[in-house]
Amino acid sequence: MKKKVYLGTNTKMYKGIADTVVYLEELCRLTADISREALELFIIPSFTALESARRCAPEALVRLGAQNMGWEEQGPYTGEISPRMLREVGVSIVELGHSERRHVLGETDDMINRKVLCAEQQGLTILLCVGETAEEKARGLADEVLRTQLKAGLFGVDPRGTERLWVAYEPVWAIGENGVPASSAYAGERHATLRRTLIELYGPEGGSRVPLLYGGSVHQGNAVELSREAEIDGLFIGRSAWDARNFAAIIREVLAAG
Ligand code: PGA
């Protein structure tokens, strides 16, 4: 049987409620005929759009995620969103540790770890993002950074927890307008490091079942090649997925190549 391909996007702080609904309706229409046995399609909209997103996109077609989460079920945390609140609106995935959270908003591995443990306890699927900066890459520290972010972020997660764990490798230098996409060979090597580290932490069974996604300037021209790397189980796409037609085209090409 073919392996399932994970394809999704985080719309960051761009699409509001109306834009999210239009986008999701179009994406569902354009991909409704694709078997979800071969495809795990997920969208991570803004918090305010989650409820409307859930109403317009059937769970059988699209899983919904949140871009961030607080680390307690409830409490005196002004401005934070709890996992319970996310579940209440039909969210089943939470993205934690995105580069912008780490490097623009100042999140540490310790904060991310608390969120990971809380999400695990609440039964949410965790999409943990890791990635080195350009400076770390230039100093030859990429693998060390990835191993540290993985081990620190997942500290305390037991092997059963890996059933609901996904990891995205998103090199900081590859993300966004000024980003340069990683070559498939470079991404493949980093994914191999992540896989080895997961196996070290959770054994061959627990460590091998975690889907590893690549993100950072993925577009129609490089998606297929990246997806062919042995340890790349999916793609986490930003800008190139924010147009439903473009995203649907990438989805079809990646699935056809698989
Ligand atoms: P990008 O974003 O594809 O626009 O580079 C990727 C991301 O931030 O996940």
Side-chain angles (χ1 to χ4, degrees), residues 5-15 19-20 23-24 27 40-47 49-50 53 62-69 91 93-107 112 115-116 125-134 136-137 142 145-146 149-150 153 165-184 186-188 190-191 194 210-227 229 231-251 253-254:
V5 180
Y6 293 74
L7 295 170
T9 185
N10 149 28
T11 61
K12 306 194 181 183
M13 203 173 72
Y14 288 105
K15 292 182 192 294
D19 286 347
T20 302
Y23 169 73
L24 271 171
L27 189 64
E40 184 85 296
L41 181 61
F42 64 98
I43 306 295
I44 309 189
S46 58
F47 286 126
L50 281 169
V62 183
R63 283 182 69 185
L64 288 182
Q67 297 179 14
N68 183 30
M69 189 190 88
V91 162
I93 301 167
V94 64
E95 175 183 5
L96 297 173
H98 184 275
S99 159
E100 287 143 19
R101 302 285 329 158
R102 292 177 189 266
H103 300 290
V104 184
L105 284 310
E107 279 192 22
I112 293 161
K115 296 176 183 200
V116 163
T125 293
I126 297 157
L127 173 51
L128 175 66
C129 303
V130 296
E132 82 281 8
T133 64
E136 289 160 343
K137 177 175 184 268
V145 170
L146 296 182
Q149 290 182 350
L150 211 51
L165 172 66
W166 306 352
V167 172
Y169 169 54
E170 300 206 296
V172 179
W173 46 269
I175 294 174
E177 293 283 346
N178 301 317
V180 181
S183 69
S184 52
Y186 183 87
R190 304 290 79 72
H191 278 236
L194 291 171
V210 177
L212 296 178
L213 285 69
Y214 169 80
S217 294
V218 174
H219 54 79
Q220 223 176 331
N222 63 7
V224 165
E225 198 185 328
L226 282 160
S227 71
E229 284 295 319
E231 292 294 357
I232 296 187
D233 305 303
L235 301 170
F236 192 23
I237 311 174
R239 290 155 296 152
S240 298
W242 297 341
D243 173 86
R245 256 176 303 163
N246 205 32
F247 191 19
I250 294 177
I251 293 168
E253 285 177 21
V254 167

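All ligand and atom numbering here is 1-based and tracks the order in the structure.
At a 4.0 Å cut-off, not a single heavy atom of Asn10 sits close enough to ligand 1 to count as contact. The shortest heavy-atom distance from Lys12 to ligand 1 is under 4.0 Å.
Among the atoms of His98, some N or O lies under 3.5 angstrom from an N or O of ligand 1.
With hydrogens and angles ignored, the 3.5 Å screen pairs a side-chain donor or acceptor of Thr9 with a backbone N or O of Ile237. A donor-acceptor pair under 3.5 Å links the side-chain atoms of Gln67 to the main chain of Ile44, judged by distance alone. Remark: side-chain polar atoms of Thr11 are not paired, donor with acceptor, to backbone N or O of Tyr14 under 3.5 angstrom.
Ring geometry for Tyr6 against Trp166 counts as perpendicular: the plane angle is over 60°, on a 0 to 90° scale with 30° as the lower cut.
Residue Ser217 approaches ligand 1 through these ligand atoms, each under 4.0 Å from one of its heavy atoms: 1 (P), 3 (O), 5 (O). Listed by number with element, the atoms of ligand 1 under 4.0 Å from a non-hydrogen atom of Arg239 are 1 (P), 3 (O), 4 (O), 5 (O).
The closest non-hydrogen atom to atom 5 (O) of ligand 1, taken over Gly215, Gly176, Gly179, Gly238, comes from Gly176.
Considering all non-hydrogen atoms of both residues, Gln220 and Ala249 come closest at NE2-CB, 3.6 Å.
Contact of the Asp19 side chain with the Trp242 side chain is not registered, since no non-hydrogen atoms from C-beta on lie closer than 4.5 Å.
When hydrogens are left out, the protein atom nearest atom 9 (O) of ligand 1 is Glu170 OE2, 2.7 Å; that is the closest non-hydrogen contact.
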